[in-house]
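To keep things clear, I will list the structure first and then write my remarks on it.
Each chain gets a letter, A, B and so on, in the order the sequences are listed, and its residues count up from 1.
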Amino acid sequence: AQSVTQLDSHVSVSEGTPVLLRCNYSSSYSPSLFWYVQHPNKGLQLLLKYTSAATLVKGINGFEAEFKKSETSFHLTKPSAHMSDAAEYFCVVTVTGGGNKLTFGTGTQLKVEL
Amino acid sequence: DAGVTQSPTHLIKTRGQHVTLRCSPISGHKSVSWYQQVLGQGPQFIFQYYEKEERGRGNFPDRFSARQFPNYSSELNVNALLLGDSALYLCASSFRWEVFGETQYFGPGTRLLVL
């Protein structure tokens, strides 16, 4: 079975400062990992994904994440936060043989202040 | 190109009633999955269909059922509604099934309120 743990339920940053959203995963097999973002009253949008190629993955809107097998982590970062980044972020895992069933974390609410 | 579409956008039902939610995948996508997102939580997997056959089922009671049609659209049915079924129901589509790292694209969801 696979699971993800998002270590912070809420993160607050000032506009223009770095963003760090933390995610640890657990998987019996090699995982594929995703970050999705959900704006209020909207569906889920894919930010980036890791599928065993490069461990540093670049996504949309300046976000990136690094897969660290030794730490079982897949933290999401952005060098400079923008007001439009305020949203709920989900770390997601799936494994080979799992039929692409996505297992979501509980989410991190990102607040960006002026 | 149109993304994943879902209907209706909002729905209010009373306990004991039945509901049908609909999803149209991205053109060319043959796999559809359904997820339930209760307020304040991450989405939970309900079903996955590929080529009109059920390929996966989450830990949901038999009151939940689904099907996929020849045009790859899908319906999620919930019988004997409970208050706890109030949630955002998300549909996701992907081109293939059982491919490592296949991206799933989500629709805007149907928000169901059970009174």
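Options A/Leu33, A/Thr106, A/Leu44 differ in how many heavy-atom pairs under 4.5 Å they form with chain B, and the most are formed by A/Leu44. If you tally non-hydrogen atom pairs under 4.5 Å between each of B/Gly109, B/Pro108, B/Gly40, B/Ser94 and chain A, the highest count goes to B/Pro108. Considering only heavy-atom pairs separated by less than 4.5 Å from chain A, the leading option among B/Gly107, B/Gly56, B/Gly58, B/Pro43 is B/Pro43.
Looking at A/Gln38, the atoms closer than 4.5 Å to chain B (heavy atoms on both sides) all sit in the side chain, from C-beta outward. In this structure, the portion of B/Gln37 lying under 4.5 Å from any heavy atom of chain A is its side chain and not its backbone. In this structure, the portion of A/Leu46 lying under 4.5 Å from any heavy atom of chain B is its side chain and not its backbone. Heavy atoms of A/Tyr50 lying under 4.5 Å from chain B are absent altogether. For B/Gln41, the part sitting under 4.5 Å from any heavy atom of chain A is the backbone (N, CA, C, O) and nothing else. When heavy atoms are compared at a cutoff of 4.5 Å, B/Tyr35 approaches chain A solely by way of its side chain, counted from C-beta outward. For chain B, the nearby part of A/Lys42 is the backbone; its heavy atoms alone come within less than 4.5 Å.
Proximity to chain A among residues 63-93 of chain B is limited to B/Leu88, B/Leu90, judged by heavy-atom separations below 4.5 angstrom.
Contact detail for B/Gly101 and A/Ser32: the closest heavy-atom pair is CA-OG, 3.3 Å.
With rounding to the nearest 0.5 Å, the separation of NZ in A/Lys101 from CZ in B/Arg57 is 13.0 Å. With values rounded to the nearest 0.5 angstrom, B/Glu102 atom CD is found 10.5 Å from A/Thr94 atom OG1.
When ring centroids are compared, A/Tyr36 and B/Phe106 come within the 6.0 Å threshold.
By the neighbour-count criterion of 12 heavy atoms within 6.0 Å, atom NZ of A/Lys111 is sparsely surrounded, having that number or fewer from other residues, nucleotides or ligands. Residue-environment remark: CZ (B/Phe60) exceeds the threshold of 12 foreign heavy atoms within 6.0 Å.
The hydrophobic cluster containing A/Phe104 does not contain B/Trp34, counting ILVMFWY residues as joined when their side-chain heavy atoms lie under 4.5 angstrom apart, directly or transitively. Criterion: ILVMFWY side-chain heavy atoms under 4.5 Å apart, direct or through other members. Under it, A/Phe90 and A/Leu76 are not part of a common hydrophobic cluster. Under the 4.5 Å side-chain heavy-atom criterion for Ile, Leu, Val, Met, Phe, Trp and Tyr, A/Val92 and A/Leu47 are members of distinct hydrophobic clusters. At a threshold of 4.5 Å between side-chain heavy atoms, the hydrophobic network of Ile, Leu, Val, Met, Phe, Trp and Tyr places A/Phe67 and A/Phe63 in one connected group. Linking Ile, Leu, Val, Met, Phe, Trp and Tyr residues whenever their side-chain heavy atoms come within less than 4.5 Å places A/Leu21 and A/Met83 in a single cluster.
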